[in-house]
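Below, read A as the first sequence line, B as the second, and so on, with proteins coming before strands; counting in each chain starts at 1.
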Amino acid sequence: MTSKFAVAFSYYFKNYYRSRSFYLMLALIVLITAIMSYFSFRYQGKIDNFLSRFDSAAINASLKSRALDYIWSFVLVDIPVYAAVFFGSPSISSEIEDRTAFHIFSLPVGRVTILTAKYAAAYAVTVLISIIYLIIEAVITRTIYGTLDLKAFLISFLITLIFIASVLAFTFFISSIFNRNIYAYITVLIIYFLVFNAVDVITSLLYSTTSPFLLNNAANIIMEVFVNINLFTFSPTISLSPAGTSQILLAVAVMIVYLAASLAAAAILFENKEAK
Amino acid sequence: MMEISINAISKRYGDLVALDHVSFNVKGNGCIVLLGPNGAGKTTLMKIMTNIIRPSEGNVRINGINVRENPGKALEGVGSLIEQPEFYPYITGYEALMFTCMIRGISREKCVSEVERVSAMTHCRDYLSRRTKEYSRGMKQRVGLAAALIGDPEIIILDEPTFGLDPNGMMEIRDIIMKLKREKLIVLSTHLIYEAEMLADQIGIIDHGHLMHFGPVEKQRYLEVRGRISESPIHIDGVDIVRRDDSRLVIRKDDGIENWSIIKALEASGSSIETFDYYSIIEDLYRNNVSQNDAEM
């Protein structure tokens, strides 16, 4: 017999992939991918100029392909964030605002099952959207330079999957605090793009280092596994080598902490949620 | 087993007391109607019964299982329709019913026939293939009722089930409830006295969060007699006078006493009877138990 989790997952997955949010994200991804593809072909010569600023002796096809992947990943790190805002921010608050909780809460199924099934469904659609971008990224890099650093690409891909899980969990947590979708949307955007950046700027100024505990900084590892350049802070790191293992593990650990803490908090809040 | 125990349930929102130590126990088949004005606490009580909200104090046990502690188990045999139902917008009514059925642990094959059964019963089959965001209020109400009946639950909790329906729809739903209550325990809320009269076997009257009255409805025991009522004292064995004036008499009779024998005795005492009919005791109960401002709403 199909488990309650599987039944709920399939139900939520249908509701997500048929939603306007999904088709809007899909359209945006197609547009962004088209723009990135165009500029990759149009301005491939600029990669050499970019790399020669750091070390012109090290330039070869492999480095150039990693540099192109770095540029593609520069955009990729924000895709899960926007997808999470679309799919995750209203995930719990909408149950109250749209009054669907009256039906769902009264069914003989645990709320944690509902939460995890909904989370898994949102994760699946976000991965689906991100994969489109990643596949095109690999195809374009391979087409232009005749090579793709498969190891770096796979590591970047796996970290993207973990990042999607953590940023989505974070939006679920924020959503479970509120009973109105708009508050959840705004709060997620403010925390991720304003609060995190403000904290990062302050710690950079005070301690001349990035804040590794911030999720947006941890996400940069998705790019840095290709070339270890981070120009976002007041203490930039510049290396044409890929990020080291310790750097990767630290970023992944941060993501997993966000994932676990956010899901646990969301589960507690959802368990005690009331549809008044 | 069909049993619901409401044990000293209170619900507070800050200073507002939505329910204040409400207790009652119901067992076996029949229809329990919770009657009260808007905002009395009926829906709050039903939400606590179905785990949508948590009580501030007290507990609800369904078939002996505490809803708060083990909602999955307690609500296994319970179907419910609370407030006006809403479903996820991008799924069809059919998918919503299949989900409701399968989440109850019923196999997909059985669910197909189960959805067929309940949708035929509630007359919502024609639009089940449409997405729920396209539904009118009445359509949602019918699909919501179908969802409450799916899996043939032994206990059904319905919060104003005829709300939003046209007159035909209201009659159909009441007919369904009349049939179901022969085998199931139904708890239903309404603020319509005639609906309560039609459906109730037991009635609970709630006002300002207090359970003012709870007990069986003795529908067939009350008669309202109209005509010229004699001024002389009336003594009929097994009959009590509840209300009396020159042109109207309300009486309560014991089991086994025929209406015609009462009329005959009244006419023998000098009264001239024009009409008689069963009397709505629920309306009396309501007026006696609900504060006047609310009762006039």
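- Checked by atom type and distance alone, the side chain of A/Glu274 pairs as donor or acceptor with a backbone atom of B/Arg54 at under 3.5 Å.
- Among residues at least two apart or in separate chains, there is no ring pair (Phe, Tyr, Trp, His ring centres under 6.0 Å) pair with a member in residues 41-67 of chain B.
- Between the CD1 atom of A/Ile104 and the CD1 atom of B/Ile52 there is a distance of 10.5 Å, given to the nearest 0.5 Å.
- Within 6.0 Å of atom OH in A/Tyr183, 12 or fewer heavy atoms from other residues, nucleotides or ligands are found, so the atom counts as exposed in its surroundings.
- The shortest non-hydrogen separation linking B/Lys47 to A/Ala275 is NZ-O, 3.2 Å.
- The candidate from A/Arg20, A/Lys14, A/Lys273, A/His103 with the greatest count of non-hydrogen atom pairs under 4.5 Å with chain B is A/His103.
- Scored by the side-chain contact (heavy atoms from CB on, under 4.5 Å) test, B/Ile65 finds B/Asn70, B/Lys73, B/Ala74 as partners (sequence neighbours excluded).
- Once rounded to the nearest 0.5 Å, the distance linking CD1 of B/Ile150 with CG of A/Leu107 reads 10.5 Å.
- In this structure, chain B has no heavy atom under 4.5 Å from any part of A/Tyr17.
- Between B/Tyr88 and A/Tyr11, the ring center distance clears the sub-6.0 Å criterion.
- For the pair B/Gln84 and A/Phe102, the minimum side-chain heavy-atom distance is 4.5 Å or more.
- Surrounding CZ of A/Arg180 are at most 12 heavy atoms belonging to other residues, nucleotides or ligands under 6.0 Å away.
- With rounding to the nearest 0.5 Å, the separation of CZ in B/Phe99 from NZ in A/Lys4 is 10.0 Å.
- Heavy-atom distances place the backbone of A/Asp98, and not its side chain, under 4.5 Å from chain B.
- To the nearest 0.5 angstrom, B/Ile53 atom CD1 is 11.5 Å from A/Phe105 atom CZ.
- Dense packing is recorded around CZ of B/Arg117, with more than 12 heavy atoms of other residues, nucleotides or ligands lying under 6.0 Å away.
- Of residues 127-142 of chain B, those residues with a non-hydrogen atom less than 4.5 Å from any non-hydrogen atom of chain A are, in numerical order, B/Arg131, B/Lys133.
- Applying the 6.0 Å contact sphere to CD of B/Glu183 captures no more than 12 heavy atoms from other residues, nucleotides or ligands.
- A/Phe5 contributes atom CZ, which lies 10.5 Å from atom CD1 of B/Ile103 (distance to the nearest 0.5 angstrom).
- Here A/Ala8 is the residue among A/Gly110, A/Ala8, A/Ser94 with the most heavy-atom pairs under 4.5 Å with chain B.
- Judged as a disulfide (SG to SG under 2.5 Å), and not counting sequence neighbours, B/Cys124 has no contacts.
- Of the residues considered (B/Ile82, B/Ile157, B/Asp159, B/Thr100), B/Thr100 shows the highest number of contacts with chain A, using heavy-atom pairs under 4.5 Å.
- The distance from atom CD of B/Glu95 to atom OG of A/Ser10, rounded to the nearest 0.5 Å, is 8.0 Å.
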